[in-house]
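The chains referred to below are lettered A, B, ... by the order of the sequence lines, with proteins before strands, and numbering in each begins at 1. Note that this is a predicted model, so its numbers are computed, not measured.
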Protein chains: 2
Amino acid sequence: MIREWEQQLYNNGYRITASRCAIMEVLREAQEPLSAQELLARGRQHHRTLGIVTVYRTLDLLSELGLVRRVHRSDGCHGYLSASPGHHHAILCLHCGRASEFQGQDDLIELLGRVRRETGFEIDDHLLQLYGTCSECRAHDV
Amino acid sequence: MIREWEQQLYNNGYRITASRCAIMEVLREAQEPLSAQELLARGRQHHRTLGIVTVYRTLDLLSELGLVRRVHRSDGCHGYLSASPGHHHAILCLHCGRASEFQGQDDLIELLGRVRRETGFEIDDHLLQLYGTCSECRAHDV
DNA sequence: TCCTTACTGAAAAAATGTTTCATCTAGTCT
DNA sequence: AGACTAGATGAAACATTTTTTCAGTAAGGA
């Protein structure tokens, strides 16, 4: 796993650079979606000269390869998460920010069919994210 | 309907101003989600001195009252739509931008229950939007 | 008509994301 | 190992969206 992303870069003809490694390391360590600025700050602890432009470019690249998922955080920012292979959606904890993934394909089929019949739209894509309280926060906080 | 929003403002102790009327008028006429800048441009046709700050403030106010829904447009911008009462979600046409609403509560309950069991999250809120092709665009375009 | 206070809009600031371009370096070739 | 070259980098400038500040305006009750 630790070298899987590097392998993906190599297989697709991209170079394995210190900047990219720093960003990937941070993403792999994170439990919650990080903004570009947060990625920059944490990435600089691995590679001191890392710049914000490279953060954005690397996120684009990793998104294209399906390794990273962009989510809408509850604070309105975009956050980036390491993504499991396959079709998943994110669920974010409103208290600690922690993220999980879930599969939502099957349960949505019925809904999508109904919406198609009701609205006359052909449905090409969807945006689904859940917000709630993770089990740790439920145990400790409220 | 035409005066319903004004009544809501009045009932909640807010003033009915020319700026607010201009913005509400534009929102009621629109078929597609408008960005703040688009609302400003169109609103100025009704009220020439309208400013962007008032657009944002009025959108916040109308959102609080449940009259307006903020959506994520396919171009990445935030768009604002007049919202029907009750729990609805938006579906946007990727070709002409037109928006519709649909109810998605019931079909989601099963999904939400499953996710709760699988992830241990208590689910408080959700973000669901669909993107596709409206019937007009299907007929004319492709 | 007057008065109070909510409301307004210009300007400046803040936050986020993109473009440009000279420089650097990863990976390859010798 | 050394050199080459295209891909990668990061600073700076730019663009866009949203928020804050504040002096002035006007809605609506008295």
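- In this structure, CG of A:Leu40 is placed 13 Å from P of D:dT9, rounded to the nearest angstrom.
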Which letter, B, S or -, goes with each nucleotide of nucleotides 18-30 of chain C from 5' to 3', with contact meaning a protein heavy atom under 4.0 Å? BB-----BBSS--
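- Between A:Glu64 and A:Arg69 there is no salt bridge, since no side-chain N of the basic residue sits under 4.0 Å from a carboxylate O of the acidic one.
- Between B:Glu118 and B:Arg114, at least one side-chain N (NZ, or NE/NH1/NH2) sits under 4.0 Å from a carboxylate O, which counts as a salt bridge.
- A:Leu39 has its CG atom 14 Å from the P atom of D:dG10, to the nearest Å.
- A:Glu6 has a carboxylate O that lies under 4.0 Å from a charged side-chain N of A:Arg28, or vice versa, which qualifies the two as a salt bridge.
- Counting to the nearest Å, the C1' atom of D:dT19 and the CD atom of B:Gln37 are 14 Å from each other.
- A salt bridge links B:Arg73 to B:Glu38: at least one charged side-chain nitrogen sits closer than 4.0 Å to a carboxylate oxygen.
- At D:dT18, one or more side-chain N or O atoms of B:His78 fall inside 4.0 Å of OP1 or OP2 (strictly under the cut-off).
- With rounding to whole Å, A:Glu6 atom CD is found 16 Å from D:dA8 atom C1'.
- Judged purely by distance below 3.5 Å, without hydrogens or angles, the side chains of A:Tyr131 and A:Gln129 pair a donor atom with an acceptor atom.
- The phosphate of D:dA27 (OP1 or OP2) has no side-chain N or O of B:Arg20 nearer than 4.0 angstrom.
- B:Thr49 has no side-chain polar atom (N or O) that falls below the 4.0 Å cut-off from OP1 or OP2 of C:dT8.
- Atom NE2 in A:His72 sits about 14 Å away from atom C1' in C:dT16, given to the nearest Å.
- At a threshold of 4.5 Å between non-hydrogen side-chain atoms, the residues B:Leu127 and A:Leu128 do not count as touching.
- Rounded to an integer number of Å, the gap from CG of B:Leu50 to C1' of D:dA26 is 15 Å.
- The CZ atom of B:Arg48 sits 18 Å away from the P atom of C:dT8 (whole-angstrom rounding).
- As a whole-Å value, the separation of B:Asp75 CG from D:dT16 P is 13 Å.
- For A:His47 and D:dG10, the shortest distance from a side-chain N or O to OP1 or OP2 is below 4.0 Å.
- Ion pairing between A:Glu32 and A:Arg98 fails under the 4.0 Å rule for side-chain N and carboxylate O.
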